[in-house]
Amino acid sequence: MANLIVTGGAGFIGANFVHHWRESNPNDLIVVLDALTYAGNRANIDGLEGVELVVGDICHTDLVSELIDSRSIDTIVHFAAESHVDRSITGPDAFVTTNVVGTHSLLKAAKAAWLDTGSGRPHRFHHVSTDEVYGSLGAEDPAFSETTPYAPNSPYSASKAGSDHLVRAYHHTYGLETTTSNCSNNYGPYQFPEKLIPLFLINALYGRSLPIYGDGMNIRDWLHVEDHCRGIALCLSRGVAGEVYNIGGGQELPNLQVIEEICLGVDRAFARNPDLATEFVDCPAAHGRSTIELKSFVKDRQGHDRRYAIDETKARTQLGYEPSRNFREGFAQTLAWYIDNSQWWQELLKRNH
Ligand SMILES: NC(=O)c1ccc[n+]([C@@H]2O[C@H](COP(=O)([O-])OP(=O)(O)OC[C@H]3O[C@@H](n4cnc5c(N)ncnc54)[C@H](O)[C@@H]3O)[C@@H](O)[C@H]2O)c1
């Protein structure tokens, strides 16, 4: 049995992790520490038994210390972050504050509770990071491994790199039992509609333009969020303190292909379910046309990384990790979820306008 703090557990991946952990470890105590920024949504974890939501900022070290002591926390799974690259280009300050200072605040509180007071209890600090810390790959370059040198290119990835280094330092200097996972692009239920897949899906349903950066040939490795959550759980159960594990989906695709899949998926969904044409009257598929007509090319994002790819050999061989679905299957499930849960994202869009 474990007592967990899940930071950022009301966000996209954190909430999926809370659902996953609740199901696989029904007796564990889960405290979600989340500031409920624009990306956080208490509805994501509503109704889950034994999950306590504490609305608070990870930068408040005293709050974190109080939670660790009062709930006898032995595990921190750290998702809380500013996570959107576009926002980091227009407003980097929040990224440094939450991602760097906030991670350090958690590490300080964990060290104080688990090492300095001499409680000697077994503990684990798991840090969730990104493949973006490794920079950008050329078409023929080998995929990122855990030993690829860091070369972050955006304020987002630089702030995540800073947090990774702090986690590493707290293990090497103080002996804090840490693990870190660097993962690729996630998709799936509960993703805030500013990221490519939910944004384009919703734009398509409303018949709005699908603005593609540059030539659309930027390549990402797509990871279904449930596979990612299984990977993190494996890091917690089998990962060795001080180690880093890359977690990917094994699905390298150019953005253009992802967008074509989205459009095809929407067309098929309308063909299967004629009621959608009444609910989403502006979607081209409501009028028998192909959704791909909404595609448009816009000026590239500043400093846009060309390709990310993950070599997950270490996670496969040392943790027994394996992604369970390809992009086509994972996307079909995701599309069905967004169509069945339109109220979830419509509420979010209303709240953020
Ligand atoms: N989404 C991806 O594809 C992806 C890929 C690689 C790595 N990651 C990493 O995974 C983690 C989770 O990403 P996500 O997509 O779920 O992000 P998200 O933006 O959906 O959620 C972030 C959550 O953190 C909370 N939060 C933000 N600042 C906080 C603070 N100061 N104190 C407490 N809570 C705070 C927000 O309210 C929100 O609930 C992040 O660390 C991100 O860097 C994400």
Side-chain angles (χ1 to χ4, degrees), residues 5-19 31-45 53-61 63-64 67 76-88 93-106 109 126-134 144 152 154-164 167 180-199 220-225 227-229 231-232 245-249 251 258 305 308 310 330 334 345 348 351-352:
I5 287 179
V6 180
T7 74
F12 164 45
I13 309 175
N16 276 283
F17 179 80
V18 171
H19 282 265
V31 178
V32 168
L33 174 58
D34 198 297
L36 296 183
T37 66
Y38 78 93
N41 184 358
R42 62 172 77 235
N44 295 357
I45 47 171
L53 171 63
V54 174
V55 179
D57 192 325
I58 56 168
C59 294
H60 293 158
T61 315
L63 167 66
V64 181
L67 289 175
I76 294 177
V77 192
H78 176 34
F79 296 92
E82 288 294 334
S83 69
H84 192 41
V85 177
D86 286 351
R87 286 179 189 256
S88 85
D93 298 64
F95 286 73
V96 175
T97 303
T98 289
N99 301 358
V100 182
V101 179
T103 301
H104 187 232
S105 160
L106 292 170
H126 183 76
H127 175 55
V128 179
S129 191
T130 169
D131 59 358
E132 300 192 29
V133 296
Y134 300 122
F144 301 131
S154 70
Y156 163 67
S157 54
S159 67
K160 292 298 289 187
S163 66
D164 294 6
V167 172
T180 295
S181 50
N182 293 82
C183 69
S184 53
N185 270 39
N186 283 226
Y187 67 99
Y190 301 113
Q191 187 165 33
F192 189 82
E194 66 182 351
K195 304 276 168 65
L196 191 143
I197 289 184
L199 175 70
R220 301 293 182 258
D221 171 75
W222 290 92
L223 167 64
H224 192 278
V225 67
D227 284 331
H228 184 199
C229 292
I232 293 170
Y245 301 93
N246 281 356
I247 299 178
Q251 302 289 302
V258 171
D305 287 339
Y308 305 139
I310 285 255
T334 305
W345 51 263
L348 263 186
R351 204 178 81 187
N352 286 282

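Just so you know, these numbers use all the heavy atoms, side chains as well, and skip hydrogens, waters and symmetry mates. Nothing fancy with the numbering, it's 1 onward along the sequence. All ligand and atom numbering here is 1-based and tracks the order in the structure. Computed from a prediction, not measured in an experiment: that's the story for all the values here.
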(request) Flag the pair D305 / R220 as yes when at least one side-chain heavy-atom distance between them is below 4.5 Å, and no otherwise. (result) yes
(message) Nearest 0.5 Å, please: how far is CG in N246 from OG1 in T180?
(response) 10.5 Å
(message) Return the CG to CG distance between L33 and L53, rounded to the nearest 0.5 Å.
(response) 8.5 Å
(request) Quick one: sort the F144 and Y308 rings into parallel, tilted or perpendicular, breaks at 30° and 60°. (result) tilted
(request) Kindly assign one of parallel, tilted or perpendicular to the pair Y187 and H224, based on the angle between their ring planes and the thresholds 30° and 60°. (result)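 It falls in the perpendicular class, over 60°.
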(request) Quickly, which of T7, D164, T103 forms a side chain to side chain donor-acceptor pair (under 3.5 Å) with H127? Name it, please. (result)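 Among the candidates, only D164 passes.
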(message) Distance under 4.0 Å, heavy atoms only, partner ligand 1: which residues pass?
(response) G8, A10, G11, F12, I13, D34, A35, L36, T37, A39, G40, G56, D57, I58, F79, A80, A81, S83, T98, V128, S129, T130, Y156, K160, C183, S184, N185, N186, K195
